[in-house]
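Note: hydrogens, waters and symmetry copies are ignored here, and every other heavy atom, side chains too, is used. Indexing begins at 1, ligand by ligand and atom by atom, following the structure's order.
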Amino acid sequence: MKDPQIKKLILAEKKRQKQVVNLIASENYVSNDVLEALGSELTNKYAEGYPGKRYYGGNEITDKIERLAIERALKLFKLKPDEWHVNVQPLSGSPANLAVYTGVVPPGGKIMGMSLDHGGHLTHGHKVSATGKFWSQVPYGIDSVTETLNYDQLLEQAVNEKPAILVAGFTAYPRIIDWAKLREIASAAGALLMVDMSHLSGLVAGGAYPSPFPYADIVTTTTHKTLRGPRSAMIFAKKDSRELDKKIDKAVFPGLQGGPHINQIAAVAVALREADAPAFRRYAAQIVKNVQTLAGELKSRGWRIISGGTDSHLILVDTWMSGLVNEAGAGGVPGKLASELLEKEGIIVNKNAIPFDSRPPADPSGIRLGSAAETTRGAKEKDMKKIAARIDVILKKAPKKH
Ligand code: DSN
């Protein structure tokens, strides 16, 4: 590279990524093959439209790339091409979710989504997101005692509100989601069931988390979290007389996007092939073992883990505990300070609201920790024990007056 400033910054970021312990639950480290596809000449090509139906010439090769990505996506999640359709063009998770609503929810219609502070995502209808401006959110939450989903409550709310779409799959919910129950709830309310499995897709692909496909009408996912691909997204839709697939395709292009990023789609295809292998299944299982070890170790040192543990790749730790410091010396550290103190010691996490948080979103009561990135770098349970011990020491040294 001839640009010295950008070259220096890329090298600095590469070094930073190598030096830190990365516990950001939504990040991962891609393979060199994924990087090669992303940085290839494919970025030069305009390919508006879909394979076989482009608005530009010279798309013989890009058609093959997009078709391969589609074929690999369906195969990875064990889907039959006559039953499921997949659109691999969304540029990332937020545009993917926006495309779904644009395609299948009438303007002003109700999106029933988990509130942000209980573990949902902005694009599940939150008022600051376009998805909460063009549609109206019916927010749902978790049970204050169990800190897990209360399916009976959800059923009652859904039947009363009759949303057009029920959105499940969350960014800070560590437990197994009962997809079958959500299907029943959506059907009882006459709603579509959309699962945003962005956080979970690598675990689903690797057999470490139940697949939502037998139950959902629509499944969206980013490709850069546990799935370990480039930053991108996919939308899966059931193929039937409702024509959800056609409506969503039209919403992606020409509704919201222009030319697809073919280099990104090629990189997704590479990642999908990598995930379709026994080594990836072992990786997915190790992610869960690692974060469960992290949870257990922190818990044994007095830190409160939301819902008591995890079945996935992430945990939420209540570092504040309403300002109390318990007998084990844990607590009294707001999430922002916790994240800053950990970063100073080379441990990267994100501050995160906990359910029923009494503190503001910019400085909430907890932190979110995930194991996918460190597991890619070879971390095992013994490494997670060391990381937990470091976190504990750093946070217990934090000033307790705020
Ligand atoms: N998906 C979010 C996260 O979990 O970090 C970012 O939008």
Original post:
Measuring from each atom of ligand 1, which residues have a heavy atom under 4.0 Å away?
Top reply: Ser26, His121, Thr171, His199, Lys225, Arg368
Original post:
Any sub-3.5 Å donor-acceptor pair from Thr375's side-chain atoms to Ser371's backbone N or O?
Top reply: yes
**OP:** Report the residues that fulfil side chain to side chain contact (heavy atoms under 4.5 Å, CB included) with Asp117, sequence neighbours left out, ordered by chain and then residue number.
**Re:** Ser115, Ala353
Subject >> For Phe236, ring pair (Phe, Tyr, Trp, His ring centres under 6.0 Å) partners two or more places apart >> reply: Phe77, Phe213
Original post:
Which pairs count as ring-ring contact (aromatic ring centres under 6.0 Å, His included) when at least one residue sits in residues 293-316, sequence neighbours excluded?
Top reply: His199-His313
Subject >> Side-chain (Asn326) to main-chain (Gly302) donor-acceptor, under 3.5 angstrom >> reply: yes
**OP:** Is it possible for you to check whether Arg228 lies under 6.0 Å from the centre of the six-membered ring of Tyr29, through NZ or CZ, and within 45° of that ring's axis?
**Re:** no
